[in-house]
Amino acid sequence: MTKIDKTNTEISVLRAEEEWQRAGAYSVRIQGMNRQHHISLRDEFDEHDGDETKYIVLLDDGYPVATCRFYHLNTDNVMLGRVVVLPEYRGQELGRKAITEAEKWIKELGYKSICIESRIEAIGFYQKLGFIQTDTCIVKSGQFDCVNMKKNL
């Protein structure tokens, strides 16, 4: 795998609300999770993938390279998840950029906090973004061990 260095190039951000735009998010998830971790399509795409869910897609010259999604939990909270960066684009802070863009949108929509089930190995990443671990219980999310984290906006 060849790493693509895009540090001097502008990555564009898309708030994907229409189906053709969401296809970019799905593409990244298929390449980054389904193929890399051998997660079935049935397990990767769940009841939260649909018209009410919001997606951020980062594009490199129109090509989708990173994504995340969020959906309504209740009046004040959303669930953020499916943060995926294509393997050759990792290490360039695109995950951070996707989450930051999602946070802007979440604030605009009037939510007060963001919840996430973080994979154990990503806890430090989310802590750097201001998330705190809400309990010590390990939750199984598919094949991954996760913990619940939250960030107040």
Side-chain angles (χ1 to χ4, degrees), residues 10-90 92-123 125-127 129-135 137-153:
E10 187 67 29
I11 298 286
S12 59
V13 177
L14 173 66
R15 290 182 175 185
E17 296 182 90
E18 297 180 37
E19 190 60 29
W20 68 270
Q21 297 168 323
R22 290 191 295 260
Y26 301 159
S27 172
V28 172
R29 287 170 51 191
I30 289 168
Q31 293 176 70
M33 298 304 287
N34 172 261
R35 290 185 70 195
Q36 183 179 12
H37 295 287
H38 306 288
I39 296 171
S40 72
L41 289 175
R42 182 176 299 277
D43 291 335
E44 177 60 24
F45 296 94
D46 60 19
E47 69 275 11
H48 301 294
D49 288 303
D51 292 339
E52 299 303 314
T53 299
K54 309 290 187 211
Y55 300 84
I56 295 291
V57 181
L58 301 184
L59 304 164
D60 174 14
D61 195 26
Y63 178 74
V65 297
T67 191
C68 68
R69 75 174 185 187
F70 65 91
Y71 56 88
H72 171 90
L73 285 177
N74 57 46
T75 305
D76 292 331
N77 304 293
V78 297
M79 177 64 79
L80 177 72
R82 300 302 203 262
V83 180
V84 182
V85 177
L86 292 182
E88 62 269 28
Y89 284 82
R90 291 182 185 153
Q92 299 174 51
E93 300 197 6
L94 297 184
R96 174 187 301 270
K97 184 172 182 133
I99 292 169
T100 300
E101 292 296 331
E103 282 183 19
K104 289 178 191 174
W105 197 2
I106 291 165
K107 285 179 188 176
E108 288 172 19
L109 293 171
Y111 291 100
K112 306 227 181 320
S113 67
I114 303 169
C115 301
I116 191 165
E117 286 183 351
S118 169
R119 289 172 34 190
I120 297 295
E121 59 272 15
I123 292 171
F125 168 75
Y126 290 110
Q127 286 173 331
L129 294 173
F131 287 83
I132 57 166
Q133 192 170 334
T134 57
D135 58 46
C137 297
I138 295 189
V139 180
K140 199 72 166 168
S141 182
Q143 68 186 44
F144 302 109
D145 290 335
C146 299
V147 295
N148 292 311
M149 299 186 82
K150 186 173 185 176
K151 180 177 184 177
N152 293 322
L153 301 174

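Closest heavy-atom contact between Asn74 and Tyr111: O-CE2, 3.5 Å. Considering all non-hydrogen atoms of both residues, Tyr126 and Ser118 come closest at CD1-OG, 3.3 Å. When all heavy atoms are compared, the tightest approach of Ala25 to Tyr55 is CB-CD2, 3.8 Å. Between Thr134 and Lys150, the shortest heavy-atom contact is CG2-CB, 3.5 Å. Of all heavy-atom pairs spanning Cys68 and Ala102, the tightest one is SG-CB, 3.8 Å. Taking each heavy atom of Ile11 and Leu58 in turn, the nearest pair found is CG2-CB, 3.7 Å.
Counting only distance, with no hydrogens or angles, the side chain of Arg69 and the backbone of Thr53 share no donor-acceptor pair below 3.5 Å. With hydrogens and angles disregarded, a donor-acceptor distance shorter than 3.5 Å links the side chain of Arg90 to the backbone of Val85. Proximity of a side-chain donor or acceptor of Lys107 to a complementary backbone N or O of Leu153 within less than 3.5 Å is not detected.
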- Query: Step by step, would you call Val78 with Trp105 a side chain to side chain contact (heavy atoms under 4.5 Å, CB included)?
  - Reply: CA-CA 11 Å; Val78 297; Trp105 197 2; over 6 Å; no

- Checking side chain to side chain contact (heavy atoms under 4.5 Å, CB included) for the pair Ile132/Gln127: CA distance, chi angles, key distance, verdict? CA-CA 6 Å; Ile132 57 166; Gln127 286 173 331; over 6 Å; no

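Residues His48 and Arg82 form no side-chain contact, since every pair of their non-hydrogen atoms from C-beta on lies 4.5 Å or further apart. Taking 4.5 Å as the limit, every side-chain heavy atom of Val57 sits out of range of all side-chain heavy atoms of Gln21. The shortest distance between side-chain heavy atoms of Lys54 and Glu17 falls below 4.5 Å. Within the 4.5 Å cutoff, no side-chain heavy atoms of Ile30 are placed close to those of Glu44.
Within the model, atoms CZ of Phe70 and SG of Cys115 stand 13.5 Å from one another, a figure rounded to the nearest 0.5 Å. The CD1 atom of Ile39 sits 4.5 Å away from the CD atom of Gln143 when rounded to the nearest 0.5 Å. To the nearest 0.5 Å, atom CD1 of residue Ile99 and atom NZ of residue Lys104 are 13.5 Å apart. The line from CG of Asn148 to CD of Glu117 is 5.5 Å long, rounded to the nearest 0.5 Å. Interatomic distance, Ile114 CD1 to Leu73 CG, rounded to the nearest 0.5 Å: 11.0 Å. The structure places CZ of Phe125 at 11.5 Å from CZ of Arg119, a figure rounded to the nearest 0.5 Å.
Between Asp145 and Lys140, at least one side-chain N (NZ, or NE/NH1/NH2) sits under 4.0 Å from a carboxylate O, which counts as a salt bridge. The existence of a salt bridge linking Arg22 and Asp51 is confirmed by a sub-4.0 Å separation between a basic side-chain nitrogen and an acidic carboxylate oxygen.
Environment of CG in Asp61: sparse, with no more than 12 heavy atoms of neighbouring residues, nucleotides or ligands closer than 6.0 Å. Heavy atoms of other residues, nucleotides or ligands lying less than 6.0 angstrom from CD of Glu19 number more than 12.
Shown are Val84, Asp60, Val28; of these, the side-chain contact (heavy atoms from CB on, under 4.5 Å) with Val65 is made only by Asp60.
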